[in-house]
Amino acid sequence: MARTAGAGQKQHKKQGSKQYNIKFAPLVVPRARRLQTLAVLCWTTALPLSFGLFFFLCSIPLLWPIIVPYLIWMLFIDQAAVRGGRKSEWIRKSRFWKWFAGYYPVSLIKTADLPPERKYVFGYHPHGIIGMGAIANFASDATGFSELFPGLDPHLLTLASNFNIPLYRDFLLSLGVCSVSMKSCQNILKQGPGSALTIVVGGAAESLSAHPGTADLTLKRRMGFIKLAMRQGADLVPVFSFGENDIFEQLSNERGTRLYKLQKKFQAAFGFTLPIFFGRGIFNYNLGLMPYRHPIVSVVGRPIAVPQVDHPTMEQMEEVQGRYIVELKRIWDDHKELYATGRTKELTIVA
């Protein structure tokens with residue numbers, strides 16, 4: 001695994017040094033690699049394709065008697081996004097996701113047993129530009145989550161606004177993806193033992209720090225998932241994905257620059273931000289919006305037992321957060337020599 005990661009990082013650096021010379025892919029490529037590229041392309045374009053398909057369907061008057069009730073149901077009736085989704089194991093275990101995970105590739109490493117008699121809140125780090133490792137590991141079974149952690153029912157969480165997008169929302173729900181709202185989190189954990197949710201803790205703010213070779217985390221002020229775990233008596237499980245920040249390049253946007261200020265204003269206005277990123281293309285290796293082929297290794301840490309407290313104080317939450325950060329740093333220290341050989345700095349909690 002270390003050899004694979006090192007090779008991927010060397011290739012990535014080589015690609016970065018040739019940004020102005022487009023390096024085209026060969027015409028003859030193994031079928032498996034073509035399918036992997038197609039799977040990643042389908043996922044990265046799923047949102048705009050959903051919009052395009054929906055507006056095309058709206059242009060057909062014969063379909064209006066179906067579209068209008070669907071929109072009413074979607075916007076005012078359906079509560080699946082806050083009630084555990086509409087998970088389809090057939091879709092989650094589809095070969096499509098094997099191709100998707102195999103593109104990078106994404107792998108999942110277990111360091112401790114997670115008894116199904118408990119409830120769990122997984123904290124995923126870092127966010128990266130899009131969080132491809134989170135999708136492969138927790139929104140599908142491509143990396144063997146069900147075999148590594150039998151008895152757990154995982155749900156990846158995302159912004160509630162994603163569930164206002166016709167068609168796209170239904171695809172997310174079929175993967176067990178749900179809203180990251182507090183109501184949604186509580187409903188999932190109230191399903192009882194074995195219920196588990198995954199929160200990409202750093203969120204939009206952390207995506208602005210997603211530069212290759214770095215691990216800058218937005219965590220210190222993130223207390224919502226700590227409070228949630230304490231109220232529900234759920235164990236906290238930190239997950240660190242080595243390579244998540246290495247699959248895209250991002251324009252320089254240090255704090256204080258004009259670009260950074262514009263991105264933060266956009267985030268304040270719309271609830272999410274837009275990193276100015278680039279990667280490879282479909283038929284070339286160094287120009288486009290497709291992610292680079294770089295290994296993503298997601299290491300699942302040891303569970304942190306959390307006392308059930310209906311109204312936790314700030315002092316209690318800070319104590320739990322302290323133990324969480326210690327475990328997260330242990331994951332980094334124990335595995336960085338294998339999976340972060342191309343790092344330019346150590347793990348840093350920047351906010």
Side-chain angles (χ1 to χ4, degrees), residues 29-54 57 70 74 78 80-81 83-110 116 122 124 128-159 162-163 165-180 184 188 191 194-198 200 239 241 243-244 247 279 282 289-298 300:
V29 175
R31 180 172 178 269
R33 290 176 69 87
R34 289 295 190 202
L35 291 172
Q36 291 167 356
T37 301
L38 178 62
V40 173
L41 176 65
C42 288
W43 173 254
T44 55
T45 58
L47 194 153
L49 286 177
S50 296
F51 270 122
L53 176 59
F54 178 72
L57 295 175
Y70 169 76
M74 180 191 83
D78 186 32
R83 292 183 178 175
R86 281 191 291 272
K87 185 184 295 186
S88 167
E89 290 301 323
W90 179 81
I91 294 178
R92 283 175 55 89
K93 294 182 178 181
S94 166
R95 187 175 298 178
F96 172 89
W97 296 109
K98 289 287 187 181
W99 297 332
F100 177 87
Y103 174 90
Y104 304 93
V106 182
S107 56
L108 187 65
I109 294 180
K110 170 183 175 179
F122 290 85
Y124 185 90
I129 298 295
I130 299 178
M132 297 295 195
I135 296 161
N137 289 314
F138 299 100
S140 80
D141 202 42
T143 56
F145 183 94
S146 62
E147 295 179 3
L148 292 172
F149 306 106
L152 298 192
D153 183 20
H155 294 272
L156 179 63
L157 305 185
T158 187
L159 294 175
N162 284 318
F163 299 97
I165 302 172
L167 304 181
Y168 182 69
R169 69 184 302 276
D170 300 293
F171 181 45
L172 293 181
L173 291 171
S174 71
L175 298 173
V177 178
C178 296
S179 167
V180 75
S184 172
I188 291 172
Q191 293 175 4
S195 55
L197 54 85
T198 301
V200 185
V239 180
S241 276
E244 185 70 71
I247 61 175
I282 302 172
L289 297 178
M290 289 278 288
Y292 294 117
R293 285 182 180 265
H294 186 289
I296 300 175
V297 182
S298 301
V300 181

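Both backbone and side-chain heavy atoms feed into the values below; hydrogens, waters and symmetry mates do not. This structure is a prediction, so every number in the text was calculated from the model and none was measured.
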Residue pair Leu172 / Phe163, side-chain heavy-atom distance below 4.5 Å: yes

So CZ of Arg293 and CD1 of Ile247: to nearest 0.5 Å the spacing works out to 12.5 Å

Would you say the side chain of Asp170 lies within less than 4.5 Å of the side chain of Met74, judging by non-hydrogen atoms?
no

Item to check | Validation row: Phe96, Cys42 side chains within 4.5 angstrom (heavy atoms) | outcome: yes

Sequence neighbours excluded, the answer for ring-ring contact (aromatic ring centres under 6.0 Å, His included) partners of Trp97 is Trp43, Phe100

* Asked: Does the side chain of Ser50 come under 3.5 Å of the side chain of Arg169 through a donor N or O and an acceptor N or O?
  -> no

Between the CD atom in Glu89 and the OG atom in Ser146, the distance rounded to the nearest 0.5 Å is 7.5 Å

Applied to residues 136-156, the salt bridge (charged side-chain N to carboxylate O under 4.0 Å, His left out) test, sequence neighbours excluded, yields Lys87-Asp153

Tell me, do Asp78 and Arg86 make a side-chain contact under 4.5 Å, heavy atoms counted?
-> yes

*Check: Asn137 and Val106 side chains under 4.5 Å, non-hydrogen atoms*: yes

Shortest non-hydrogen pair, Ser184 vs Cys178, comes out as OG-CB, 3.7 Å

Could you check whether the rings of Phe122 and Phe145 sit parallel, tilted or perpendicular, using 30° and 60° as the cut-offs? perpendicular

